[in-house]
Amino acid sequence: MPAERSPAYQRIYAVVRRIPRGRVATYGQVAALAVLPGRARQVGYALHALEDGSGVPWQRVINHRGEISPRAEPFYEPLQRAMLEAEGVVFDARGRVDLGHYRWEPAPSPWPRSRARTG
DNA sequence: TGCTTGACATAAT
DNA sequence: CATTATGCCAAGC
């Protein structure tokens, strides 16, 4: 049984698929949403095992610093950046993404604020 | 089976 | 915010 079929990997892929276009998420964020707290490395490992036709938007997963994590093949770095830029994600002069602006938030503060006063 | 590596995160300085 | 140290777990050898 390939590791890609592992339940943990499947949850990771499911979370990554939920990342909307033009948004990014960190490995730790994906790990937390995939019910794998503290195992951010596994997220990267799971994405590493992905195939081209997997349909998983792996390019939307970056590290906590808003940077594209360098992998063994330097070829992927500009590729991921180009894919994100094609989605509307803007990179800083230092090659970083403003997480405060592009970070995907699956739960947009569902606070029990009850009836909003003033509306 | 045990050691090393790796698409990371967090805490301390 | 950058560095350094530590935790984490699967894959490769």
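Convention: sequence-line order gives letters A, B, ...; per-chain numbering from 1.
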J.: In whole angstrom, what separates A/Asp92's CG from C/dA2's P?
T.: 11 Å
J.: Between B/dA7, C/dA2, C/dC9, which one does the side chain of A/Arg94 approach most closely?
T.: C/dA2
J.: Starting from the 5' end of DNA chain B, give me the residue, A/Gln42 or A/Thr26, whose nearest nucleotide shows up first.
T.: A/Gln42
J.: To the nearest Å, how far apart are A/Gln29 CD and B/dT10 P?
T.: 10 Å
J.: Calculate the interatomic distance between A/Tyr27 atom OH and B/dC8 atom P; express it in whole Å.
T.: 6 Å
J.: Whether A/His64 contacts B/dT10 is assessed here as follows: a side-chain N or O lying under 4.0 Å from the phosphate OP1 or OP2. Is that the case?
T.: yes
J.: Is there a donor-acceptor pair under 3.5 Å between the side chain of A/Arg71 and the backbone N or O of A/Tyr76?
T.: yes
J.: Rounded to whole Å, please give me the gap between CD1 in A/Ile12 and P in C/dC9.
T.: 13 Å
J.: Of the nucleotides B/dC8, C/dC1, C/dC8, which one has an atom closest to the side chain of A/Asn63?
T.: B/dC8
J.: Name the closest nucleotide to the A/Tyr45 side chain, picking from B/dA9, C/dC8, B/dG6.
T.: B/dG6
J.: For A/Arg65 and B/dT10, give me the distance from atom CZ to atom P, rounded to whole Å.
T.: 13 Å
J.: Is there side-chain contact between A/Asp92 and A/Asp98, with at least one heavy-atom pair below 4.5 Å?
T.: no
J.: In whole Å, I'd like the distance from the CG atom of A/Leu50 to the P atom of C/dA11.
T.: 14 Å
J.: Please assess A/Ile62 against A/Gln80 for the test side chain to side chain contact (heavy atoms under 4.5 Å, CB included), listing each intermediate value before the final yes or no.
T.: CA-CA 10 Å; A/Ile62 59 180; A/Gln80 182 172 4; 3.8 Å; yes
J.: Grab the CG-P distance between A/Leu33 and B/dA9 for me, whole Å please.
T.: 13 Å
J.: Within the 4.0 Å heavy-atom criterion, would you say A/Arg39 contacts the bases, only the backbone, or no part of the nucleic acid?
T.: sugar-phosphate
J.: Among C/dA2, B/dA7, C/dA11, which is the nearest nucleotide to the side chain of A/Tyr9?
T.: C/dA11
J.: Between B/dA7, C/dC1, B/dG6, spot the one nearest the side chain of A/Gln80, thanks.
T.: B/dA7
J.: Kindly compute the distance separating OH (A/Tyr45) from CZ (A/Arg39), expressed to the nearest 0.5 Å.
T.: 16.0 Å
J.: Tell me: CZ of A/Arg103 to P of B/dA9, nearest whole Å?
T.: 10 Å
J.: Check the phosphate of B/dT5 against A/Arg41, side-chain N and O only, distance under 4.0 Å to OP1 or OP2. Yes or no?
T.: no
J.: With distance as the sole test, does A/Tyr102 use its side chain to make a donor-acceptor pair with the main-chain N or O of A/Phe91 at under 3.5 Å?
T.: no
J.: At less than 4.0 Å, is any side-chain N or O atom of A/Arg96 found next to OP1 or OP2 of C/dA2? Yes or no.
T.: yes
